[in-house]
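Take a look at the structure set out below.
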Amino acid sequence: MMELLQTIEQAGQGLLGPFWGPLWTLVKIVVIVAPIMGGVAYLTLAERKILGYMQDRVGPNRVGYWGLLQPIADGVKLLMKEIIIPTGANKFLFVAAPVLALVPALVAWAVVPFADGMILANVNAGLLYILAMTSLGVYGIIIAGWASNSKYAFLGAIRSAAQIVSYELAMGFALVCVLLAAQSMSLVDIVKGQQHGYGLLGWYFIPLFPMFVVYFIAGVAETNRAPFDLAEDESVIVAGFHTEYSGMGFALFFLAEYANMILISALTSVFFLGGWLNPFEGWPVLGAMTAWVPGLFWMLAKMSVFLFIFLWFRATFPRYRYDQLMRLGWKVFIPLTLVWVVVVAAWMQTPLWFW
Amino acid sequence: MMTIETIVFYLFAALSVFAGLRVITARNPVHAALFLVLAFFSMAGIWLLLEAEFLAITLVLVYVGAVMVLFLFVVMMLDVDLVQLREGFWRWFPIGALLAAVMVGEMIWVLGNRQTAETGAEVIKHAADYSNTKELGRLIYTDYVYPFELAAVLLLVAIVAAIALTLRQRRTAKRQDVAQQVAVKRNDRVRLVSMPASARVSTQAQPDEAAASDQQKH
């Protein structure tokens, strides 16, 4: 596999010279984005199926075997629908908003390692880059809410802006703990810092357990998923920020939301569950038995677990009231994360720090 | 010589100048705020070219990701009357122009002065594994630890002052005590009454009694 890639690189260098670099990067980007888009499509089906079974229904089962063609049918339907731009809407921003929502969800993948060496750009400030990019997703939502010139959309946008700014802080502090533990901001180094030869005992979710929980819950809040989906609170404000969107504009918001879910799952795996590392590495019997499994498999398995939890949350918890949401963010998560930063910093100075 | 870096620099510089101009010329305040976001982005691009990736990303994270979101939040909620905003533009123009001139003069003085700025200094190129973040962290917590702590205290004072200025207790507002809510037991809220199924129930006396005892509990 590696030799094949090297031969391709050399052949490309010979053929195209200086233009080969950008072209090869483009190929890599397509190789990352295409499966994410496929994953998004089938995550919608998984969501409907899992929610269905949790609610004692069967979920979609008419289009294709087990409903497997349902996402394609949905996609085609949304593509064919008319895009309605409301009168009084700011046309340019109305059209730009879904794009602004989707782009940050995809660009953040540039620094996510899928396996050892499988990364588009190993930036040494990768963690900061991730924080910066995920904080941009809110622009799509507030611009959509404002440009729609609709009360409901605007209320959804305002809710979302306040919510994302609040939870970003807790998320940032949780990641400060991770970078303290790893002593690096590169995602590759963070994963490698969790490799001690003891398998899952070396991962950061053990010393940073409260941060692990806070990060994932804040991630659910950042992606506007239930129980934090107040931006599209259908029982109160119709459909929130995307009330006025139809057809492909609506579909892009959905793509962004699901791409963000996959991203948060990937990031939680990288930061707290050792990314591509084998959980049984160095264990007596299981370690030898699973040594042949590629890192990509572990990464995808961990991501799937978190994606399932996302869907499970949605089927389980009722939506937060707005003041409860703000209370959880400001009065519970931020103090907790602040204290844990100090605890970890002090703990690391003692011989009791095994990570 | 035009290297790719120079081309990228002029691209970002032109973009930030354009965005900066549009911030003050755009009629719609929301558009102006969004152009400010664009200006921040192009400045972050220029800083990346200078290998200051920590500052560049922090600019995007703090200013674009948080400050401008709140800014937009406020601008969108205000009902800005454009006609009223333009009133008296020419009356105040001389003062505005004077202020602008003073600011430009200060900038020229600071940047043009040999002692305060090294304008002609070459940008030092670093190896690929050079970490700007690490260097900055080391400097902030060693050489510049006192100014850094001073800035932190200043910000803390500002936070406390802002809260003190806006905090007012409203007597009429109803508040929840979440701890109390969580601590509630079943017996505080529900009274189970066992009633014989066959006996005749007088419909007037009992509900009143229940209500009375409920009120006592509260």
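Lettering follows sequence order; numbering is per chain, from 1. Fair warning: this is a prediction, and the values are worked out from it, not measured in the lab.
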Please flag which part of [X] lies under 4.5 Å from any non-hydrogen atom of chain B: side chain, backbone, both or neither.
X       : value
L131(A) : both
F92(A)  : neither
A157(A) : neither

- Item | Approximate separation, where rounding is to 0.5 Å, of K134(B) NZ and M185(A) CE |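 Spacing of NZ (K134(B)) from CE (M185(A)) equals 10.0 Å.
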- Rounded distance [0.5 Å steps], CE in M68(B) versus OG in S135(A): 13.0 Å
Inspect the surroundings of [atom1] in [X] and state if more than 12 heavy atoms from other residues, nucleotides or ligands are less than 6.0 Å away.
X       : atom1 : result
Y141(B) : OH    : no
Q181(B) : CD    : yes
F154(A) : CZ    : yes
Y63(B)  : OH    : no
Y320(A) : OH    : no

How about [X] and [Y]: do any of their side-chain heavy atoms sit closer than 4.5 Å?
X       : Y       : answer
Y139(A) : L72(B)  : yes
W146(A) : L34(B)  : no
I143(A) : V30(B)  : no
F73(B)  : I158(A) : yes

- Message: What part of V37(B) gets within 4.5 angstrom of chain A, counting heavy atoms only: side chain, backbone, both, or neither?
- Response: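 Interface part for V37(B): side chain.
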- Query: Of the backbone (N, CA, C, O) and the side chain (C-beta and beyond), which part of L59(B) lies under 4.5 Å from a heavy atom of chain A, both, or neither?
  - Reply: neither
- Query: chain B: which of I164(A), L169(A), T134(A), L93(A) shares the most heavy-atom pairs with it under 4.5 Å?
  - Reply: L93(A)
- Query: Of I57(B), L61(B), V60(B), which is the lone residue that meets side-chain contact (heavy atoms from CB on, under 4.5 Å) with Y129(A)?
  - Reply: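 Only match with Y129(A) under side-chain contact (heavy atoms from CB on, under 4.5 Å): I57(B).
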- Item | Closest non-hydrogen atom pair, E168(A) against G65(B) |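 Taking E168(A) first and G65(B) second, the nearest heavy atoms are OE2-O, 4.0 Å.
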- Message: Using side-chain contact (heavy atoms from CB on, under 4.5 Å), reason through H31(B) and N90(A) one step at a time and then give a plain yes or no.
- Response: CA-CA 10 Å; H31(B) 289 181; N90(A) 189 315; 2.8 Å; yes
